[in-house]
There are 4 protein chains.
Amino acid sequence: MKIGIVGATGYGGSDLLRLLHQHPKVSDITLYSSSQEGVHIHESYPHLTNIYEQVLQPIDIDKISQQVETVFLATPPGVSAEITEPLANKGLKVIDLSGDLRITDRGVYQNWYKRKAANQSIIDEAVYGLSEWNREKIAKASIIANPGCYPTATLLALAPLVKKRLIDLDTVIIDAKSGTSGAGRSPSEMTHYSEMNENFKAYQINQHKHTPEIEQELRQWDDDLPYVTFQPHLVPMVRGIMTTIYAKAKETMTEEFLRNLYKDTYANDHFVRLRPNGMYPSTKEVFGSNYCDIGITIDERTQRITIVSVIDNVVKGASGQAIQNLNIMNGWSEQEGLAFTPVYP
Amino acid sequence: MKIGIVGATGYGGSDLLRLLHQHPKVSDITLYSSSQEGVHIHESYPHLTNIYEQVLQPIDIDKISQQVETVFLATPPGVSAEITEPLANKGLKVIDLSGDLRITDRGVYQNWYKRKAANQSIIDEAVYGLSEWNREKIAKASIIANPGCYPTATLLALAPLVKKRLIDLDTVIIDAKSGTSGAGRSPSEMTHYSEMNENFKAYQINQHKHTPEIEQELRQWDDDLPYVTFQPHLVPMVRGIMTTIYAKAKETMTEEFLRNLYKDTYANDHFVRLRPNGMYPSTKEVFGSNYCDIGITIDERTQRITIVSVIDNVVKGASGQAIQNLNIMNGWSEQEGLAFTPVYP
Amino acid sequence: MKIGIVGATGYGGSDLLRLLHQHPKVSDITLYSSSQEGVHIHESYPHLTNIYEQVLQPIDIDKISQQVETVFLATPPGVSAEITEPLANKGLKVIDLSGDLRITDRGVYQNWYKRKAANQSIIDEAVYGLSEWNREKIAKASIIANPGCYPTATLLALAPLVKKRLIDLDTVIIDAKSGTSGAGRSPSEMTHYSEMNENFKAYQINQHKHTPEIEQELRQWDDDLPYVTFQPHLVPMVRGIMTTIYAKAKETMTEEFLRNLYKDTYANDHFVRLRPNGMYPSTKEVFGSNYCDIGITIDERTQRITIVSVIDNVVKGASGQAIQNLNIMNGWSEQEGLAFTPVYP
Amino acid sequence: MKIGIVGATGYGGSDLLRLLHQHPKVSDITLYSSSQEGVHIHESYPHLTNIYEQVLQPIDIDKISQQVETVFLATPPGVSAEITEPLANKGLKVIDLSGDLRITDRGVYQNWYKRKAANQSIIDEAVYGLSEWNREKIAKASIIANPGCYPTATLLALAPLVKKRLIDLDTVIIDAKSGTSGAGRSPSEMTHYSEMNENFKAYQINQHKHTPEIEQELRQWDDDLPYVTFQPHLVPMVRGIMTTIYAKAKETMTEEFLRNLYKDTYANDHFVRLRPNGMYPSTKEVFGSNYCDIGITIDERTQRITIVSVIDNVVKGASGQAIQNLNIMNGWSEQEGLAFTPVYP
């Protein structure tokens with residue numbers, strides 16, 4: 001299959017290159033970039049020397065549609081809102097890694113993103129690509145709104161409880177911690193090494209754009225949901241997200257019940273791994289891979305459930321899930337191109 | 001004043017040395033260690049070369065009582081429970097940095113610490129050394145149970161709200177993140193560099209010993225408290241704790257009200273610093289210092305309050321607060337020996 | 001092919017598992033460990049959950065010889081010296097990642113390693129597995145002494161100059177910097193997170209065991225070599241080695257001559273990548289991969305050549321080169337199982 | 001004394017604030033900044049909240065000369081070249097932390113700095129502020145060219161050998177490693193957290209501006225010096241420089257001779273600390289302090305001397321040495337304001 005990547009010079013784009021390099025069904029990749037047109041990709045990313053020799057092409061809808069069959073958009077906010085429709089009109093399948101097509105209510109998007117939403121028709125056509133939960137729709141979709149990194153870690157952790165309506169949604173607290181790669185490749189004071197190392201930061205308190213995305217999806221599973229409290233933090237590391245999620249059980253439940261619920265729910269999902277009793281995953285245990293690892297317990301004293309989920313934000317939180325969705329769209333094995341172990345240590 | 005430090009080779013002990021070096025009222029320091037008796041302190045800590053030349057002395061109650069007037073115990077669990085009483089009987093003032101004297105209910109101590117508690121009489125005599133809130137008792141005390149690192153960051157953050165009974169205590173979630181120095185100087189797999197770097201870990205889920213300490217102190221301020229959910233995590237950095245605390249307000253309140261509450265409460269407390277509206281502290285902003293910095297907000301959507309507090313776990317969470325208490329006990333200025341800025345970046 | 005790994009719970013062993021998982025010619029892996037016999041590998045390494053379910057077997061020569069055809073020894077010093085011969089006698093091919101079989105002079109080994117050397121016959125049989133330079137011998141070998149991490153980065157960087165006798169060997173300085181994974185998985189004060197983070201250390205000054213290995217191999221290429229100065233340092237990171245090598249050119253040469261020399265030398269070596277003029281590799285650019293990247297220049301003022309080479313110490317410096325050698329021994333493509341990009345960032 | 005800091009928002013400036021806060025002879029500090037005029041310093045540096053409340057003033061020579069007696073210039077390249085002379089003409093003492101006044105040969109400056117040099121008269125008036133070696137001149141100076149961070153660590157390490165002409169200068173290799181704070185506070189791709197963490201980089205190969213500074217000062221001690229090879233690297237840490245220096249001894253010498261040479265040379269220099277036989281300093285052992293720690297040995301095999309020196313680049317390499325020079329200029333104790341231990345761990 002011929003693949004295009006628009007926005008190949010960001011971390012999402014370069015990680016797509018890493019994964020597609022090993023994908024047995026993908027032979028031909030063309031790279032597009034508005035900012036670095038004409039540059040060799042290995043000049044921007046020397047780690048790709050002798051592996052990818054392509055020159056970055058300008059973003060020209062006509063040319064893209066002639067050159068590729070499926071296109072990944074790993075672009076800054078606002079770009080997908082503009083180019084998804086023309087690309088789709090040319091018959092291309094589009095997998096969008098940005099947040100532009102995820103929020104179905106354009107007013108909500110505009111409130112949180114502070115920019116104009118995409119057309120309603122294109123938003124309606126896009127399928128939210130949370131692979132483990134939307135397989136059937138993804139299989140038939142031609143446009144995918146690939147989930148955000150925090151929502152992926154959060155929704156996979158909460159789904160079994162929310163779908164069965166076992167927790168009091170008003171009590172849900174999502175305390176999330178991310179490595180710096182989620183902030184992208186553009187230097188800033190916040191992610192300047194001297195400011196970020198030996199430091200731990202909370203940011204965008206009550207204001208992070210992934211909040212409405214989490215709420216929207218949880219409401220599909222349990223429409224009782226009011227609002228969630230979602231709070232991200234920045235960890236002095238590059239890759240990895242942990243969410244620590246707290247929620248009150250509606251009724252008394254045992255640890256064993258809880259564990260079985262998760263075991264059964266994800267029994268057939270290769271990329272979701274449950275830790276045994278008393279064990280919890282740390283972010284390094286999924287580094288570089290498409291896994292989402294989960295640990296869960298209930299405190300007998302407080303009847304409060306604690307869920308710990310970890311992903312590599314660049315992989316399962318972006319490029320890896322995008323390829324998992326590509327696989328589902330094409331009827332290939334979900335593990336195609338993703339069947340490798342995390343890099344540890 | 002002649003000072004003794006028992007357990008000088010741990011991080012708490014060596015940081016006491018750093019701070020006492022600048023303390024104008026302290027002239028004479030004797031070091032005691034059971035594990036490294038006879039060793040020069042700079043052999044264990046080369047950064048003290050040419051600054052401290054002392055040889056570590058064995059822990060001999062009689063000798064200690066002849067050599068010093070006040071003794072800091074920076075010892076592993078169980079030691080203070082044994083030696084505080086004989087030291088006190090010799091007329092020494094004792095500032096204990098371990099957890100042995102903090103929990104007033106011996107049964108609770110034994111449940112969480114899995115070891116025999118100190119005698120009730122010595123526990124009763126010890127004053128909990130949360131400097132900003134127990135000044136009067138500390139001033140008269142001869143034994144101080146110096147607070148744990150997590151409880152210090154948590155209690156300073158919650159006190160204004162809990163004392164005024166403004167929050168629903170059942171909703172309190174304390175999500176805490178610490179650097180690795182809190183785990184001490186003994187190597188372990190958990191804090192092995194290759195396992196800890198580029199990693200973020202949750203640990204001791206629902207089992208951390210600081211939980212009953214936090215609950216005990218909060219209950220003194222509001223006896224409605226059932227249990228709190230306190231969850232620590234390990235950050236790939238050395239010094240610093242952040243607590244992100246979530247709680248529901250009992251009644252609607254404005255951001256301004258909240259900010260004024262904190263501003264008024266801590267108006268005369270040099271070491272508690274409040275961030276302005278929309279700003280939150282990060283751990284590096286207190287690195288190496290005795291400050292506790294706090295940011296606070298309320299989410300209009302959820303009426304949930306978020307408090308972010310940061311301390312240097314080794315300083316305000318251990319050695320610095322111990323010296324602040326030494327100052328209070330002796331009627332000296334609280335800033336004596338602690339009047340320096342954080343080290344940034 | 002049926003593969004065995006002895007010492008599967010160290011970092012070398014677990015990285016072999018990562019690489020063999022993707023190797024198309026390897027179907028069956030058996031794990032052996034003296035320290036963790038009977039344990040599931042994913043209990044020791046949770047990142048392998050659902051990927052490897054094997055139980056660690058005891059090290060029994062008879063059983064190993066019945067179960068596997070080729071065995072990797074990723075064992076502590078001294079083990080290979082004992083078990084290589086019996087394994088070889090059973091007809092197994094052995095790839096030894098330890099230092100036991102690398103030094104051909106037993107006296108030199110005993111001087112530097114402070115332990116008894118292997119039998120001379122087995123040492124003589126072992127081929128030094130620097131893949132790019134010993135292909136022919138490796139292809140015929142049944143025992144491989146897989147090179148050390150520092151020697152690999154050093155020898156690949158120096159070979160083109162030394163083989164052509166273009167530098168004054170008395171002037172060679174090898175200043176090497178390594179991540180902590182090279183020190184293995186056993187916790188120690190040196191690699192304790194609180195001691196190692198925000199720290200940079202020199203260690204084993206003039207005493208590192210890789211010194212005689214470097215000298216031995218360089219002498220094969222130019223027997224004029226007296227001694228080299230090799231100095232390792234520890235960097236607060238996990239994976240990666242950089243060597244910065246300084247040497248005086250015997251005769252005036254241009255940058256262009258130098259670059260062409262390297263380009264020509266490594267023209268057919270996929271895993272050695274040369275940076276263009278004025279560019280130098282950093283360690284992250286080979287993270288997780290089998291590449292050795294090299295930058296080179298000559299200072300017109302001093303006629304001193306500077307070579308910068310980087311590898312991932314766990315891969316090209318251990319497990320990856322071991323698999324490259326496995327490929328050569330079996331006449332497979334050298335890239336088999338190793339054809340993936342570095343993980344960046 | 002009334003002090004001014006021009007360029008207070010850089011790391012050098014903010015560290016001056018940290019040190020001056022504890023300086024018993026300094027009562028009054030005025031801050032100047034071209035880029036952040038009108039801003040409160042704690043808005044730029046929240047760690048200074050409640051400690052420094054000053055508003056940054058514009059850089060106006062007349063006003064500065066009315067407000068302060070001594071001024072520190074912690075400014076980007078080119079500024080000091082312009083404002084030192086007018087400030088000096090107003091009778092102010094100037095301590096310049098930039099490189100503008102260090103190179104006495106204007107042609108050399110212009111070659112390496114690629115910008116116009118300061119006037120020769122002002123360069124001639126400036127005294128190179130390597131405190132331990134230029135005390136007499138510094139005491140009488142009214143303009144100080146404060147040494148660069150790399151030159152400080154290098155010159156203190158080499159001085160005893162070079163002054164006694166004990167080494168062959170043609171063999172000197174200075175392999176230097178620095179934390180990122182030396183690159184300043186402006187974000188860049190090189191010091192972007194995601195690019196810099198878990199990474200080790202060589203930079204400015206044969207082109208670093210500190211090269212001619214090192215050569216100039218070494219030549220004052222031994223005019224035989226041709227050129228030195230000085231190569232800097234970037235370490236994933238914030239503060240700290242290590243130089244590993246290699247040199248051939250002219251004649252055979254013992255370890256004991258070498259150690260005594262250094263011990264005697266620095267016997268009266270509080271801030272230079274020599275490690276005992278077989279011990280070498282690591283950067284963390286001087287973190288936050290004005291110490292320069294040195295370890296030294298000679299390899300019997302190669303007769304090559306290895307010197308390891310470490311400093312905190314922001315302190316002894318900038319702000320701390322500047323204050324040490326302020327003390328010398330005023331006849332105060334050199335330790336005034338600097339008498340504190342490193343922060344460890």
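A note on names: the letters A, B, ... follow the listed sequences, proteins ahead of strands, and every chain is numbered from 1.
One distance of note links OG of Ser282(C) with CZ of Phe287(C); it measures 12.5 Å at 0.5 Å rounding. Put simply, OG on Ser319(D) and CG on Asn290(D) are 8.0 Å apart, with the number rounded to the nearest 0.5 Å. The CG atom of Leu161(D) sits 12.0 Å away from the CG atom of Asp168(D) when rounded to the nearest 0.5 Å. Of the inter-residue distances, the one linking His47(C) atom NE2 with Ser14(C) atom OG reads 5.0 Å to the nearest 0.5 angstrom. Taking OG1 of Thr283(C) as the start and CE of Met242(C) as the end, the distance is 6.5 Å to the nearest 0.5 Å. To the nearest 0.5 Å, atoms CD (Gln321(D)) and OG1 (Thr152(D)) are separated by 4.0 Å.
Across every non-hydrogen atom of Val314(D) and Ala318(D), the tightest pair is O-CB, 3.3 Å.
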**Prompt:** Does the pair Tyr150(C) and Ser178(C) meet the rule for a side chain to side chain contact (heavy atoms under 4.5 Å, CB included), with working shown?
**Reply:** CA-CA 8 Å; Tyr150(C) 288 124; Ser178(C) 176; 3.0 Å; yes
**Candidate pair Ser289(D) and Val315(D), rule side chain to side chain contact (heavy atoms under 4.5 Å, CB included), full reasoning** = CA-CA 6 Å; Ser289(D) 80; Val315(D) 190; 5.6 Å; no
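Interface with chain D: from residues 217-234 of chain C, residues Tyr227(C), Val228(C), Thr229(C), Gln231(C), His233(C) qualify, criterion being any non-hydrogen pair under 4.5 Å. Within residues 194-213 of chain C, the residues having any heavy atom less than 4.5 Å from a heavy atom of chain D are, in residue-number order, Ser194(C), Glu195(C), Asn197(C), Glu198(C), Asn199(C), Phe200(C), Lys201(C), Ala202(C), Ile205(C), Asn206(C), Thr211(C). Residues of residues 245-263 of chain D placed with any heavy atom under 4.5 Å of a heavy atom in chain C are listed by number as Tyr246(D), Lys248(D). For a heavy-atom cut-off of 4.5 Å, chain D lies close to Ile298(C), Asp299(C), Arg301(C), Thr302(C), Arg304(C), Thr306(C), Val308(C) in residues 298-310 of chain C.
Not one N or O on the side chain of Arg275(C) forms a donor-acceptor pair closer than 3.5 Å with the backbone of Ile296(C). Remark: the backbone N or O of Gly10(D) is paired with a side-chain donor or acceptor of Tyr45(D) at under 3.5 angstrom. Between the side chain of Tyr266(C) and the main chain of Leu156(C), a donor-acceptor pair closer than 3.5 Å is present. Looking only at distances, a side-chain donor or acceptor of Lys114(C) sits under 3.5 Å from a matching main-chain atom of Asn111(C).
Salt-bridge check for Lys284(C) with Asp312(C): failed, with every basic side-chain N at 4.0 Å or more from each acidic carboxylate O.
Tested against Ile214(C) for a side-chain contact (heavy atoms from CB on, under 4.5 Å), the candidates Val172(C), Thr154(C), Thr243(C), Leu158(C) yield a single pass: Thr154(C).
Lys177(D) and Thr244(D) share a side-chain donor-acceptor pair at under 3.5 Å.
Taking the centre and axis of the six-membered ring of Tyr11(C), the NZ or CZ atom of Arg185(C) falls outside the cone set by 45° and 6.0 Å.
Within the 4.5 angstrom heavy-atom criterion, atoms from both the backbone and the side chain of Val238(C) approach chain D.
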